[in-house]
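Beneath this line is the structure, given in structure tokens, with notes to follow.
All chains are named by letter (A, B, ...) in the order of the sequence lines, taking the proteins before the strands, and each is independently numbered beginning at 1.
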2 protein chains.
Amino acid sequence: MAADVVTAFEPRKMPIQTRATVTVGAICEATIQVLLSHGADRLTTTRVADRAGVSVGTLYQYYPNKRSLLFAVFEDHMEKASQAVEVACADACHKPMSEMIRRVVEAFVDVKMQRADISIALYKVAPDVGGPALVKRTGQRLRKAIEAMLLTAPDLKLSPDRFAIDMMLSAMSGAMRSALEAGASPAMFRKVREHLVLLCQSYMAAATASDN
Amino acid sequence: MAADVVTAFEPRKMPIQTRATVTVGAICEATIQVLLSHGADRLTTTRVADRAGVSVGTLYQYYPNKRSLLFAVFEDHMEKASQAVEVACADACHKPMSEMIRRVVEAFVDVKMQRADISIALYKVAPDVGGPALVKRTGQRLRKAIEAMLLTAPDLKLSPDRFAIDMMLSAMSGAMRSALEAGASPAMFRKVREHLVLLCQSYMAAATASDN
DNA sequence: TCCAAACCTGAAGAATCCTTCATCCAATAT
DNA sequence: ATATTGGATGAAGGATTCTTCAGGTTTGGA
């Protein structure tokens, strides 16, 4: 079942010449733009192709159908966000726990903010593209990275609760989502970042203290 | 602009006879079902009507277009959720702050869980129906209720930060969303509820202590 | 009983959209 | 120079969907 989905979403062909690489890049970028300007339900393959400056046929040379295009853009974004967090996790090993949390949260907020347009655009299609499934997978991946990092914390006696990490991650994405969809200003984002750090720090402290 | 949207979404006619009331109820319920079984992009007015046991024409007698139907269902759900939280806020006045938070969080989790199917279904259409705007409005409404409640807390010296409340609310909805979309079991929901209380309590304590 | 208002029906018009494929252009290797 | 592979085109087929409306059925009061 999952295999079918993946197969159906798999790109049809990889670009070889540089010309084609540019084309594929333009198509992905155009997808974001159309999503932002027209919304998910009025995103058509023709519109995306027009916006990218190519013809529809070209689009279908790389993606077997509309959903696979959306999925590819979505997956790419999640991949980049995951990597940013994983790097932060690796860098924060052996630091005090509150410092770890701070770095992870800041990395997450920053990578989401850096291309806020993509984040916002993708919120609009996630449901139609197996978003929840991909989000779940990414969540597990991030949880492992955070778990590994926390095990190296010098000031942490109890083993960290898996569930608490999931909780923290979902709270993080919830907070970022509403900030992004509200069209928050850069100043506002700094405040969100600050408070999100506080939120995660105080929760993780409480969760590791009174364990069950 | 906002007026246009509201106008375009406004129901076309209110049911008068009980027969019609039943019909409208069936249509709304069918909308949820179709959303769950077919997804947002394959929800058609005909399918909804079939599922409701009426003809398409009947549907268009009450809703001027597809979006207005989706919007109505969405709005109704938000209204109920808001009321549940507001009641909890009213009941928790003059209690200690941690008790206030506990009640609000539990009310929120419970009302979302009670009809988890609706919550999940609506996540799929929110983007196409002015979801963010409605969510924003509801958020402000809830923030006011919580703010008013917190002002009556005997153990709270500093005036509560508006921003912190927004933060708490978005974290709450994020956590609930991922639990719902993951198809969490009742046991899992109890745990989520427990931890979400802890998360909000520890955050609010921290936010009201070190203020800026 | 009888009528007007409320309600329901569902075929069909009109519009939109996804996807294909026959055909042509460009790049690269031989 | 030529063959081969990669890349691009866009009109058109096929399918789906939204929405209407002319005409039928049910309800409730006079």
Side-chain angles (χ1 to χ4, degrees), chain A residues 5 7-31 33-35 37-73 124-125 128-129, chain B residues 5 7-31 33-35 37-73 124-125 128-129:
Chain A
V5 171
T7 309
F9 282 178
E10 241 164 30
R12 183 171 272 173
K13 181 170 80 174
M14 292 297 281
I16 293 183
Q17 303 175 2
T18 38
R19 176 171 56 136
T21 308
V22 170
T23 297
V24 170
I27 290 174
C28 289
E29 188 59 35
T31 303
Q33 301 304 330
V34 171
L35 225 33
S37 58
H38 294 259
D41 47 359
R42 280 192 342 202
L43 177 142
T44 71
T45 49
T46 306
R47 239 194 282 266
V48 169
D50 280 352
R51 176 93 214 213
V54 299
S55 80
V56 227
T58 301
L59 191 156
Y60 279 91
Q61 201 146 25
Y62 300 101
Y63 303 97
N65 51 54
K66 196 173 90 162
R67 300 184 78 199
S68 89
L69 166 66
L70 268 349
F71 183 79
V73 175
K124 302 185 182 185
V125 284
D128 301 326
V129 179
Chain B
V5 170
T7 308
F9 281 177
E10 240 163 31
R12 181 170 273 173
K13 182 172 78 172
M14 291 297 279
I16 293 183
Q17 304 175 357
T18 38
R19 175 171 55 137
T21 308
V22 171
T23 298
V24 170
I27 290 173
C28 289
E29 188 59 35
T31 303
Q33 300 306 328
V34 171
L35 224 35
S37 57
H38 294 259
D41 48 358
R42 280 194 340 202
L43 178 142
T44 73
T45 49
T46 307
R47 237 193 286 265
V48 169
D50 281 351
R51 177 92 215 217
V54 299
S55 81
V56 227
T58 301
L59 191 157
Y60 279 91
Q61 203 147 23
Y62 299 101
Y63 303 97
N65 51 54
K66 195 174 92 164
R67 299 184 78 198
S68 89
L69 166 65
L70 268 348
F71 183 79
V73 175
K124 301 185 182 184
V125 283
D128 302 325
V129 179

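A heavy-atom distance below 4.5 Å is found between the side chains of A:Tyr63 and A:Ile27.
The shortest distance between the side-chain N/O atoms of B:Thr58 and the OP1/OP2 oxygens of C:dT9 is below 4.0 Å. Contact between the side-chain N/O atoms of B:Arg47 and the OP1/OP2 oxygens of D:dT17 is found at a separation under 4.0 Å. In this structure, A:Tyr60 does not reach the C:dT20 phosphate: none of its side-chain N or O atoms is under 4.0 Å from OP1 or OP2. OP1 or OP2 of D:dA8 lies within a sub-4.0 Å distance of a side-chain N or O belonging to A:Thr23.
In this structure, B:Leu43 reaches the sugar-phosphate backbone alone: every heavy-atom distance under 4.0 Å involves primed, P, OP1 or OP2 atoms, never a base. B:Arg42 comes within contact range of no nucleotide atom at all, as no heavy-atom separation falls under 4.0 Å. Residue B:Tyr62 is classed as a sugar-phosphate contact, given heavy-atom separations below 4.0 Å to backbone atoms only. At a threshold of 4.0 angstrom between heavy atoms, the contacts of A:Val54 are confined to the sugar-phosphate backbone, with no base atom among them.
Each of D:dT9, C:dC7, D:dC18 was ranked by its minimum atom distance to the side chain of B:Thr45; first place goes to D:dC18. Nearest nucleotide to the A:Ser55 side chain, out of D:dT9, D:dG6, C:dG10: D:dT9.
Each of A:Asp50, A:Thr44, A:Leu43 was scored for a side-chain contact (heavy atoms from CB on, under 4.5 Å) with A:Arg47, with one residue passing: A:Thr44.
In terms of position on DNA chain D, the residue among B:Lys66 and B:Gln17 whose nearest nucleotide sits closer to the 5' end is B:Lys66.
With values rounded to the nearest 0.5 angstrom, A:Thr31 atom OG1 is found 10.5 Å from A:Lys66 atom NZ.
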